[in-house]
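Let me begin by presenting the structure, written as structure tokens, before commenting on it.
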Amino acid sequence: MNSTGELVEVVLPGRVEPEELRIRRGAVPAPGPGQVVIRTEATGVSFAEQQMRRGRYYDQPPFPFVPGYDLVGTVLAAWEGADPGLTGTRVAALVKVGGWASHVLVDAADVVPVPDGVGAAEAETLVVNGVTAWQMLHRKARVRAGHTVVVHGANGGVGSVLVQLAMAAGARVIGTASARHHDVLREQGVVPVDYRAGDVAARIRALAPGGVDAVFDHVGGHGITDSWRLLAPGGTLVSYGSASTRDDEGSQQWPVLKLLLRVWLWNALPNRRRAFFYNVWAGKALAKNRFRSRLRADLTQVFAALQRGEVTARIAARLPLARVAEALRLAESGTVAGKVVLVP
């Protein structure tokens, strides 16, 4: 196996500044039963890693570990029992941790083929962000043509994909973002609202006096109540994060538990509205095969939308693994549109 070069991976040693991430080198692993080795062509910086380096991702492993939520690469070797046709194919995988490496071991059942003609970095921008957006839009909120939806952080990693998939479904989209992103949003047909200027909820209500069919909220915190109040009867709130508490001290579980409790209470009320706390990993522990087939189906749909031109892959920057500190700083700066991609 070592003829394929050496393993290079990024280690997060503890709650550290980006510059304190370490590069570790070693032997390329051999696949075990049911596994494949992927030679990584692109992995990305997600909001999850930004929380993990602060020790604030609610189920992260103990330090030290190799971060990296998702990756795209070519199958280098497969366990003899795996599909022999996999070797040499380009695949995507959602791994939660371990992706920031030149070579990654993944269960063969967890890889999703990337269509011919789709580049590795392009596909990478849509693995976790695309699956998250697709499942929230189509499996949770069931958005259809004629619906009005609110996307908070409409220029963000998940938000920008949500916007495009909602537009492709025929929905009217109101998107919150800072003013510098408004021209780009208007070009896409989105009605932009500046989240930094005054009462955001009041301005959204003025645009949709009867309420909206869905709100997608990654901010959490106090603002989640405003999101709930924007819903029309029959509407759906999908909460999928707690960005407002990223830099807080204290328990990393508490902001999520608070959101879950609130969602449970809202759903217990007879008010003809629904709330969900979305987690991309939900169902994996209980029904692994169903989880895998759904992930494969949904990511395949996202890649098809990319090929049709309904979704664009927005790459903010491509940086080598050795420049991971710079990549993390850039992703955390809030100044870039699209995904920061690491290219081993």
Test of understanding: clusters of I, L, V, M, F, W, Y form through side-chain heavy atoms closer than 4.5 Å, transitively. Do [X] and [Y] belong to the same one?
X	Y	result
V106	W100	no
L71	L306	no
V128	V104	no
V118	I315	no
V72	V95	no

Side-chain donor or acceptor of [X] paired with backbone N/O of [Y] under 3.5 Å:
X	Y	value
D107	D110	no
N155	H181	no
R274	K140	yes
E187	V184	no
H147	R144	yes
R22	V11	no
Q60	Y57	yes
Q164	S160	yes
E310	L165	no
E49	Y69	yes

May I ask you to test the [X]-[Y] pair for a side-chain heavy-atom distance under 4.5 Å?
X	Y	result
R262	T225	yes
R53	E17	yes
L86	T89	yes
V149	V212	no
F276	S239	no
I224	W266	yes
F277	L261	no
V36	V111	yes

* Asked: If you measure only the distance, is there a donor-acceptor pair under 3.5 Å linking the side chains of R90 and T74?
  ->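 Result is no, nothing qualifies.
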* Looking just at side-chain N and O atoms, do D217 and Y278 make a donor-acceptor pair shorter than 3.5 Å? ->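 No, no side-chain donor-acceptor pair sits under 3.5 Å.
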Side-chain ion pair, [X] and [Y], N-O less than 4.0 Å:
X	Y	result
R54	E332	yes
D70	K339	yes
K96	D59	yes
E19	R329	yes

Measure the [atom1]-[atom2] distance between [X] and [Y] for me, rounded to the nearest 0.5 Å.
X	Y	atom1	atom2	answer
F291	W281	CZ	CH2	5.0 Å
E326	L342	CD	CG	10.5 Å
L295	W134	CG	CH2	13.5 Å
R196	T176	CZ	OG1	11.0 Å
L237	L231	CG	CG	6.0 Å
R56	W254	CZ	CH2	13.0 Å

* Walk me through it: do L12 and V16 pass the test side chain to side chain contact (heavy atoms under 4.5 Å, CB included)? => CA-CA 8 Å; L12 180 59; V16 298; 3.8 Å; yes
Check whether more than 12 heavy atoms from other residues, nucleotides or ligands sit under 6.0 Å from atom [atom1] of [X], and answer yes or no.
X	atom1	value
R290	CZ	no
R308	CZ	yes
D116	CG	no

* Asked: Taking it one step at a time, do V193 and I204 satisfy side chain to side chain contact (heavy atoms under 4.5 Å, CB included)?
  -> CA-CA 7 Å; V193 171; I204 294 172; 4.3 Å; yes
* Asked: Can you check salt bridge (charged side-chain N to carboxylate O under 4.0 Å, His left out) on R203 and D194, steps first, answer last?
  -> CA-CA 9 Å; R203 277 176 302 135; D194 186 350; 6.0 Å; no
Nearest heavy atoms of [X] and [Y], plus distance in Å:
X	Y	value
W79	P31	CE3-O, 3.2 Å
T125	A313	OG1-CB, 3.4 Å
S102	L321	N-CD1, 4.0 Å
H182	A177	NE2-O, 2.9 Å
A92	V114	N-CG2, 3.7 Å
A42	P344	N-CD, 4.2 Å

* To do: Check step by step if side chain to side chain contact (heavy atoms under 4.5 Å, CB included) holds for V131 and V280.
  => CA-CA 8 Å; V131 162; V280 73; 3.8 Å; yes
* Verdict with reasoning, F216 to L137, per side chain to side chain contact (heavy atoms under 4.5 Å, CB included) -> CA-CA 9 Å; F216 300 94; L137 195 77; 3.8 Å; yes
